[in-house]
Amino acid sequence: MSSFRRNEPLMSQLPVPAELAPDLKRVDQIIAERTTARPVVAGIAGPHLGAGAGRWRAVVALLAARLGAYAPERAAHAAAAVELIYAAARVHDSLVDEAARRRGQMAAQAHWGSSAALMVGDYLFALAAAEMALAPDPRVIAAYSRSVMAICEGQLAPVTSVVPLDVARNQYLYRAGRIDAALFEAAARAGAACSELAPEQADALGRFGYDLGLALRIAADARDYEGP
């Protein structure tokens with residue numbers, strides 16, 4: 001199963017504050033403007049882009065931004081950036097998923113070809129970088145850059161053993177922390193930067209984002225082992 005899909009059903013059940021609806025609509029608008037005019041990008045990335053209340057990384061960024069001097073447009077660009085990073089990572093993840101079909105749908109590379117999917121993933125990363133520049137704050141760029149590096153590190157560090165237990169647990173937490181939790185942490189830090197929160201506040205929000213992302217991953221994995 002794809003590294004990035006396990007927690008989506010669980011996250012879709014979480015409530016989103018009603019006051020975020022206009023902000024999320026703006027995030028949807030930004031992402032649509034950047035992607036829908038390009039057929040190949042829309043065709044490959046479309047299933048990975050999500051929308052509205054399903055954008056939980058964007059929700060974290062927007063909520064963090066509302067804790068300080070809220071600048072809606074800056075926050076929207078930061079929130080769009082994290083969703084574009086997530087979509088890019090999911091497109092790239094599809095390239096290393098050996099299954100030709102996943103959940104009854106063709107994988108991106110099976111329809112378009114691996115080269116096109118790779119380029120679209122790279123293109124989405126570039127779009128995310130452009131959104132970071134519109135935030136703008138070097139702390140936003142730094143947070144998201146670290147998260148992209150963490151995702152790559154996590155993908156290169158599979159869980160290779162189940163015994164001894166402490167080794168398996170540490171491998172699992174390392175991988176989950178980088179693939180899932182790091183991007184939530186980055187979203188929280190980016191939101192904090194957009195609202196000019198103090199460094200200690202940004203650190204606290206970053207820890208919250210990391211713990212939230214890790215908890216969602218653990219909960220989703222635990223659900224995989226539930227009986228009928």
Side-chain angles (χ1 to χ4, degrees), residues 4 7 11 14-31 34 49-89 124-154 173-174 176-219:
F4 292 91
N7 57 9
M11 291 170 63
L14 299 176
V16 176
E19 60 268 24
L20 287 185
D23 299 325
L24 287 171
K25 184 176 180 180
R26 176 58 181 146
V27 172
D28 286 343
Q29 180 184 16
I30 290 171
I31 293 175
R34 305 296 188 261
L49 287 171
R55 301 192 186 283
W56 265 92
R57 294 151 193 85
V59 168
V60 169
L62 293 169
L63 286 174
R66 282 175 170 265
L67 295 176
Y70 190 51
E73 194 65 12
R74 290 178 63 190
H77 287 299
V82 74
E83 291 297 329
L84 288 166
I85 291 171
Y86 178 59
L124 292 173
F125 277 125
L127 289 179
E131 294 306 312
M132 296 177 214
L134 294 172
D137 190 298
R139 292 172 296 176
V140 174
I141 298 172
Y144 286 148
S145 297
R146 288 194 296 269
S147 73
V148 172
M149 290 187 287
I151 289 170
C152 295
E153 291 166 355
L173 292 176
Y174 179 89
R178 278 149 183 78
I179 289 180
D180 292 87
L183 198 50
F184 276 94
E185 176 185 0
R189 288 184 176 276
C194 287
S195 59
E196 304 297 334
L197 293 179
E200 60 270 19
Q201 293 173 303
D203 289 342
L205 285 167
R207 289 192 296 273
F208 166 78
Y210 185 93
D211 289 344
L212 174 63
L214 189 60
L216 286 169
R217 178 57 183 260
I218 292 172

Considering only distance and modelled atom types, tabulate donor-acceptor pairs under 3.5 Å from the side chains of residues 141-151, sequence neighbours left out.
| unit_1 | atom_1 | unit_2 | atom_2 | d |
| --- | --- | --- | --- | --- |
| Y144 | OH | A78 | O | 2.7 |
| S145 | OG | I141 | O | 2.7 |
| S147 | OG | Y144 | O | 2.7 |

Could you pull out all residues at least two apart from D203 that satisfy side-chain hydrogen bond (donor to acceptor under 3.5 Å, both in side chains)?
R189
What pairs with R26 under side-chain hydrogen bond (donor to acceptor under 3.5 Å, both in side chains), at least two apart in sequence or on another chain?
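For R26, the residues satisfying side-chain hydrogen bond (donor to acceptor under 3.5 Å, both in side chains) (neighbours in sequence not counted) are Q29, E73.
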Return the set of residues passing salt bridge (charged side-chain N to carboxylate O under 4.0 Å, His left out) with E153 (not counting sequence neighbours), or none when no residue passes.
R178
[X]: partners by side chain to side chain contact (heavy atoms under 4.5 Å, CB included), with sequence neighbours left out:
X: A176; result: Y172, L214, R217
X: E19; result: P17, R66
X: A18; result: none

Donor-acceptor pairs under 3.5 Å, side chain of residues 126-133 to any protein atom, not counting sequence neighbours: which ones?
| unit_1 | atom_1 | unit_2 | atom_2 | d |
| --- | --- | --- | --- | --- |
| E131 | OE1 | H77 | ND1 | 2.6 |
| E131 | OE2 | R34 | NE | 2.6 |
| E131 | OE2 | R34 | NH2 | 3.0 |

Please report the interatomic distance CD1(I218) to CG(D211), rounded to the nearest 0.5 Å.
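These two atoms lie 9.5 Å from each other.
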For F125, give me all partners under ring pair (Phe, Tyr, Trp, His ring centres under 6.0 Å), at least two apart in sequence or on another chain.
H92
Test side chain to side chain contact (heavy atoms under 4.5 Å, CB included) applied to R55 and V16, step by step
CA-CA 10 Å; R55 301 192 186 283; V16 176; over 6 Å; no
Would you check, one step at a time, whether the test side chain to side chain contact (heavy atoms under 4.5 Å, CB included) holds for L216 with W56?
CA-CA 11 Å; L216 286 169; W56 265 92; 5.8 Å; no
Closest approach of L24 and A58, non-hydrogen atoms and distance?
CD2-CB, 4.3 Å
